[in-house]
Amino acid sequence: MIRTWFILLLFVGSMIPINASADISGTHTIPMVSSQNASAIYAKDLTPLTTLISEALQNNPEIQAALQEREAARQRILPAKALDDPMLEAGVINAPLLASSPFNREDMTMKMIDLSQRFPFPGKLGLRKGVASKNAEAVDYGYQETISRVVRDLRVAYFDLGLTLEMTKLVEKNKLILEDFTHLAVDHYVVGMGAQADAFKAQTEVSRMQDELLRLTRERPVFEAEIIRALGRSTYEGALLPEPLHMHEASLNLESLRE
């Protein structure tokens, strides 16, 4: 009977609204606050996703490097169509070897100035500009891909952090319920109304909840580090508290799915 109570109580604990107060043993009351009320109380401490995305677009080093590469590729389009630089050449032929000799002593001494300009085959300049334009277009796609990847990684880390925080709240609530049930199982065993195995099983479940809390505690800094990296920062002042995810119903019909 104690084992049945334990399983039923664990299931009910996960289904009880967070804003409900549970009095399991008759002497322990667990006050809980709903996620909606908590959002209203701590709204000023929440970290909006849009704010983080805007900061990442401005400061992420990968995005900034891709932006500079895109600008450089665009600047190479117009020069690709320009003519080659003209060449100016100056020289002297048959000049006297003696430094004291006048420059015009020898009649065979000649002075030469040459100005040349290369003209490519017709249509080649247009092709060079087209190649530079395609290269700039490819670099622009790479820039957009970098933005999409960084924003995606930021979103995933943001919602993973939010999920970790919500799971932590749920596990803490269930742990409190199991601790109260453990006291109840121990009291029943002391008065001879329950088996010792039931008390041990309850304590084991509490230990499992504690292990789960430790695992969630280890995961939280990992997701926070991913967000900070996407922002292009080394540290983040304050606490990263994701906004609660609002689920919206989607009307699904066969025609829209086919489209």
Do you know the tightest heavy-atom contact between [X] and [Y]?
X	Y	value
L46	P242	CD2-O, 3.8 Å
V186	Q203	CG2-NE2, 4.2 Å
L240	T47	CA-OG1, 3.8 Å
A80	A132	CB-CB, 3.8 Å

Next item on the list: Please report the C-alpha distance between L216 and L165 in whole Å, then the side-chain angles of each, then the deciding distance to 0.1 Å, and finally whether the side-chain contact (heavy atoms from CB on, under 4.5 Å) criterion is met.
Entry: CA-CA 8 Å; L216 294 173; L165 295 178; over 6 Å; no
Notebook entry, point to check: Are K169 and E172 close enough for a salt bridge, meaning some N to O gap below 4.0 Å?
Noted result: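 E172 and K169: not salt-bridged.
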Next item on the list: Could you check R152 against R149 for side-chain contact (heavy atoms from CB on, under 4.5 Å), going step by step and ending with a plain yes or no?
Entry: CA-CA 5 Å; R152 179 204 62 192; R149 175 169 50 81; 3.6 Å; yes
Between [Y] and [X], is there a side-chain heavy-atom distance shorter than 4.5 Å?
X	Y	result
D84	P120	no
D180	H183	yes
E212	K175	no
V151	L57	yes

Item checked: side-chain contact (heavy atoms from CB on, under 4.5 Å) between E71 and L67, worked out -> CA-CA 6 Å; E71 293 301 323; L67 176 62; 4.1 Å; yes
How long is the span from the [atom1] atom in [X] to the [atom2] atom in [Y], to the nearest 0.5 Å?
X	Y	atom1	atom2	result
D160	R155	CG	CZ	13.5 Å
M209	L214	CE	CG	13.0 Å
F159	L154	CZ	CG	9.5 Å
I147	E62	CD1	CD	11.5 Å
L52	Y236	CG	OH	5.5 Å
Y143	I63	OH	CD1	7.0 Å

Checklist line | Within one Ile-Leu-Val-Met-Phe-Trp-Tyr cluster: F119 and F121, side-chain cutoff 4.5 Å | finding: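 In one cluster with F119: F121, no.
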Is it true that, when you exclude [X] itself, more than 12 heavy atoms of the residues, nucleotides or ligands shown sit nearer than 6.0 Å to its [atom1]?
X	atom1	answer
Y141	OH	no
R74	CZ	yes
I113	CD1	no

Output yes when a side-chain donor or acceptor of [X] lies under 3.5 Å from a complementary backbone atom of [Y], and no otherwise.
X	Y	result
N135	V131	yes
S256	L252	no
Q117	M87	no

Scan the side chains in residues 218-231 for donor-acceptor partners under 3.5 Å anywhere in the protein, sequence neighbours excluded, and list what turns up.
residue: E219; atom: OE1; partner: R215; partner atom: NH1; Å: 3.4
residue: E219; atom: OE2; partner: R215; partner atom: NH1; Å: 2.5
residue: R220; atom: NE; partner: E224; partner atom: OE2; Å: 3.0
residue: E226; atom: OE1; partner: R229; partner atom: NH2; Å: 3.3

Note to self: Could you work out, with salt bridge (Lys or Arg N to Asp or Glu O under 4.0 Å) as the rule, every residue matching E237, not counting sequence neighbours?
What the structure shows: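 With neighbours one apart ignored, the set is empty.
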Checklist line | Test log, rule side-chain contact (heavy atoms from CB on, under 4.5 Å), inputs I77 and K129 | finding: CA-CA 6 Å; I77 296 177; K129 181 180 179 182; 4.0 Å; yes
